[in-house]
Amino acid sequence: MTRRKDPVAPGLAALAGMIADETRAVFLLALLDGRAWTAGELARHAGVAPSTASEHLGRLVAGGLLAEERQGRHRYVRLADSRVAQLVEDLTAQVAPGAAERPRSLREAGTGSAMARGRTCYDHLAGRLGITLTDALTRRGLLRQDTGFALTDTGLRWFESAGIALNRGGRRPLSRGCLDWTERRPHLAGTAGAALCHHALDARWCVRVGSERAVKVTPEGERAFAALLGIEASALR
C-alpha cells in the first residue's frame with residue numbers, strides 16, 4: 001500500500017537539519033540577544049574558523065532562519081524574526097536540565113548564574129527576572145494565564161499609565177507565554193513582553209551584564225518595580 005506523503009514533511013526535515021549542528025546551534029543561541037553580529041564575532045564565539053562560520057551562516061540565511069545585512073565590508077546577521085527566536089527558545093526548553101555540561105571555570109559558572117538570574121530572550125525578559133515580573137503581573141490581575149496568556153483591560157491601562165507603549169497594529173500577538181528553559185515555566189513574550197523589556201533597558205531599570213544576554217536590575221529598577229508591581233527588591237537580585 002502506498003502511503004500518502006505529507007507535503008509539510010520535507011520542509012520540516014530541512015528545518016530540523018539546519019538546526020541539527022552544534023556550531024549552528026551556538027550561533028542561533030548567541031543571536032537570541034536580539035543584536036546583529038558579524039561573521040567574525042560568531043566565529044570567535046563558537047571557536048571555529050571564519051571559513052567554517054561563513055559556510056554555516058550561509059546555510060542558515062538560505063534557510064530563512066537568519067537575515068543578512070551588509071555595511072561596507074562588514075557582513076552582519078541576525079535572527080530573521082521573533083518567530084525564529086520563539087522556535088529556538090522553545091527547543092532549548094526541551095533540553096533536559098541535567099544535559100548541560102558542568103561549567104569549566106568560575107567565570108563560566110558565574111556567567112551561567114547571571115543568565116539564570118535574568119537575561120533577554122530575543123526581545124523580552126527571561127530567567128528568574130522574567131518569571132518574577134510575569135507572576136507579579138498575574139497576581140495584580142494585569143495578565144491572565146488560566147485561559148492562555150492575555151493582558152486584561154486593567155493590564156492594558158497599566159502599560160499606558162507606566163508609559164510603556166504597545167504596538168498593537170502588527171501581526172505579532174500582544175502577549176504570549178514563552179517557556180523559560182531555566183525556570184521551566186512560561187514568561188511573558190509577544191508585543192507586551194518586548195515593550196516591557198525595551199522600556200526597562202531604555203529607562204535603565206535593567207542593564208546588560210558583560211557580552212552575554214544576562215541582565216541585572218538596577219537600584220532605579222528595584223524602586224520602579226516596587227512602585228509599579230509591588231515586587232520586593234530581594235526577589236530581583
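This one's a predicted model, so the numbers in the text were calculated from it and none came from an experiment. Values reported hereafter were calculated over all heavy atoms of this structure, with side chains retained and with hydrogens, waters and symmetry mates removed.
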* Using the side-chain contact (heavy atoms from CB on, under 4.5 Å) rule, pick out the option among L129, L133, V217 that qualifies with I231. =>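 Single pass found, and it is L133.
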* Test side-chain contact (heavy atoms from CB on, under 4.5 Å) applied to I19 and V88, L65, L60, the passing residue -> L65
For the student: nearest non-hydrogen atoms of [X] and [Y], plus distance:
| X | Y | result |
| --- | --- | --- |
| C206 | L201 | O-CD2, 3.5 Å |
| W37 | E41 | CA-OE1, 3.5 Å |
| R144 | T152 | CG-CG2, 3.5 Å |
| V61 | R75 | CG2-NH2, 4.4 Å |

* With rounding to the nearest 0.5 Å, note down the distance linking CG in D180 to SG in C121. => 7.5 Å
* Rounded to the nearest 0.5 Å, what separation is found between the CG atom of L156 and the CD atom of E160? ->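 It is 9.0 Å, given to the nearest 0.5 Å.
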* **Electrostatic pair R24:E22 at N-O distance under 4.0 angstrom** => no
* **Under-4.0 Å salt bridge between D123 and R172** => yes
[X] vs [Y] side-chain heavy atoms within contact, under 4.5 Å:
| X | Y | value |
| --- | --- | --- |
| L28 | L66 | yes |
| R185 | D135 | yes |
| H199 | W205 | yes |
| T134 | L143 | yes |
| R168 | T191 | no |
| L166 | L151 | yes |
| L228 | W158 | yes |
| E222 | E232 | no |

* Counting only heavy atoms not in R204, do more than 12 sit closer than 6.0 Å to its CZ atom? ->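 Result for CZ/R204: open.
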* E220, CD: over 12 other non-hydrogen atoms inside 6.0 angstrom ->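 Above 12, so yes.
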* To do: For side chain to side chain contact (heavy atoms under 4.5 Å, CB included), just list the numbers for R237 and R128, CA-CA rounded to whole Å, side-chain angles, deciding distance to a tenth of an Å, and then say yes or no.
  => CA-CA 9 Å; R237 298 172 182 167; R128 288 198 299 275; over 6 Å; no
* Given the rule that I, L, V, M, F, W and Y join up when any side-chain heavy atoms are under 4.5 Å apart, are V215 and L137 in one cluster? ->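 The answer is yes; both residues are in one hydrophobic cluster.
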* To do: Assess whether side chain to side chain contact (heavy atoms under 4.5 Å, CB included) is satisfied between L188 and S175, documenting all intermediate values.
  => CA-CA 7 Å; L188 176 64; S175 58; 3.7 Å; yes
* Donor-acceptor pair between T182 and R119 side chains, under 3.5 angstrom -> yes
* To do: Go through the steps to decide whether Q71 and Y76 satisfy the test side chain to side chain contact (heavy atoms under 4.5 Å, CB included), and finish with yes or no.
  => CA-CA 8 Å; Q71 291 186 6; Y76 292 88; 4.2 Å; yes
* Would I164 and L196 satisfy side chain to side chain contact (heavy atoms under 4.5 Å, CB included), going step by step from the backbone distance to the final call? -> CA-CA 7 Å; I164 305 174; L196 179 58; 3.8 Å; yes
